[in-house]
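Order of appearance sets the numbers: ligands from 1, and atoms from 1 within every ligand. Predicted model only: the values in this text are computed from it and were never measured.
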Amino acid sequence: MKSDESKSLYDRACRSLATGVSTGFRRNVTPVPLYMERGAGPYFYDVDGNEWLDYGLAWGPLILGNNHPRLTEAVTQQMTRGYTFGAQHHGEIELAEKMIEVIPGAEQVIFSNTGSEAVQAALRMARGATEREKIIKFEGHYHGWQNNMLVSNHPSPDEFGTTVPDCGGQPPSEYALTLTCPWNDLDALGAMLDENRGEIAAVITEPILVNGGSCMPRDGYLAGLIDLCREHGAVSIFDEVITGFRIGLGGAREYFDLEPDLSIYAKAMAGGFSMSAVAGRKSVFDALVDGRTGHFGTYNGNPICVAAAIATIEALSEPGVYERMHTHGHAIREMIERAAGDRKLVTTGTGTAFHLHFGLDKPPASIREVMQADDETGTAFTANMQERGIYNLPGGRWYVGATHGEREIERVRVAIEASMAALRPISAPTEN
Ligand SMILES: Cc1ncc(COP(=O)(O)O)c(C=O)c1O
């Protein structure tokens, strides 16, 4: 793929825009950060004239693809009525009612703008409601860039079992109340809750560990986590920033038939507009209602983003949408597994959000197991796919959207077979 124009824009950007990109995660997705010109359905087009078949979906939000007519119409209509009011409007009630209708066990919601913000709102409500301070999170789980949550996402083996910051500029005092637990291990969680009896305000988890390689929860793990929280008076929180509206209309609650106290939504919720929410049990929101804690934000409930969220949820509510997306994703997973032949490879996750891991015998159940994968081959495969115009995310992550169809499947199949064939041959076992 040509990238001269992107390269020249990136060099120019680096002179005025620190790092050249707008979030650290975008720096190494492709060899040169790509500059986009436009998108259409499941495709986008960069400044060098390349057409990309998009399985990155803007890191999750573009579940309806680009320029979905229903979403464009809703947003355009709202633009003519007003951009933002700093006051109440009909749409926020409509969206709140819609979310309560489609999210199992949700009694109330609040709105904010990004996933990181909604995570902080949920933690504050949990602390307000329980009058406790400590939070338990899990190794390898990402809950936004704030100091209290950006810890132990990529711990090295000697850091397992501790809480470590993921970058500089994070003073220990700001994550001193965050405890990090291994995931998918109810004994470890039970022990941590016991050791901190009466002190844990909340336990927060990605219900599927998408950010750490799409690891699935073991049978009964999430239900056990909710039970343990209940037993210890801690608020259970599913961070559904990725899984929400992606693995089903009701997200992980519907997928696993579970009702934690709170769930957090962003990304796919508004189809590409900046919108997030916390949904869950009224008893937790009461801490806001009666003034034990507070929730603020100039752009919360922004009418344009609210209109986008309503249109997205309506489009996703059409019969068969999730079945088609899951079928599409599972077809790709099967193609990848088949093309791998004798190579060790597993795919993990669901049909709409999944990872592939070279070098593993069985689906990993935690970040510790994901770290055993053969990243070198994984990175080479992603690069080979990108050479063939298939855009997916680092670490072997794929997102499927509602506009991926039959035409795309055929193109992906050809690219997978060629990309697998172009990998370095499997090395013969060495004799000792
Ligand atoms: C599970 C999870 N939680 C929270 C966040 C933070 O969301 P945002 O980037 O919108 O602040 C992300 C972002 O990728 C996420 O994947």
Test salt bridge (charged side-chain N to carboxylate O under 4.0 Å, His left out) applied to Lys98 and Glu314, step by step = CA-CA 9 Å; Lys98 209 168 260 310; Glu314 281 174 356; 3.8 Å; yes
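For Glu318, the salt bridge (Lys or Arg N to Asp or Glu O under 4.0 Å) test picks out Arg70, with sequence neighbours left out. Legend: residues meeting salt bridge (Lys or Arg N to Asp or Glu O under 4.0 Å) with Asp219, ordered by chain and number and at least two apart, are absent. Scanning for salt bridge (Lys or Arg N to Asp or Glu O under 4.0 Å) contacts around Arg411 gives Glu51, with sequence neighbours left out.
With no hydrogens or angles considered, no side-chain donor-acceptor pair links Asn153 and Asn211 at under 3.5 Å.
Minimum heavy-atom separation, Pro31 to Gln386: CD-OE1, 4.0 Å.
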Expected rows: ligand 1 N/O, protein N/O, dist below 3.5 Å:
| residue | atom | partner | partner atom | Å |
| --- | --- | --- | --- | --- |
| ligand 1 | 3 (N) | Tyr142 | O | 3.4 |
| ligand 1 | 3 (N) | Asp239 | OD1 | 3.3 |
| ligand 1 | 3 (N) | Asp239 | OD2 | 2.6 |
| ligand 1 | 7 (O) | Ser116 | N | 3.4 |
| ligand 1 | 10 (O) | Gly115 | N | 2.8 |
| ligand 1 | 11 (O) | Gly115 | N | 3.4 |
| ligand 1 | 11 (O) | Ser116 | N | 2.8 |
| ligand 1 | 11 (O) | Ser116 | OG | 2.6 |
| ligand 1 | 14 (O) | Lys267 | NZ | 3.0 |
| ligand 1 | 16 (O) | Asn211 | ND2 | 2.9 |

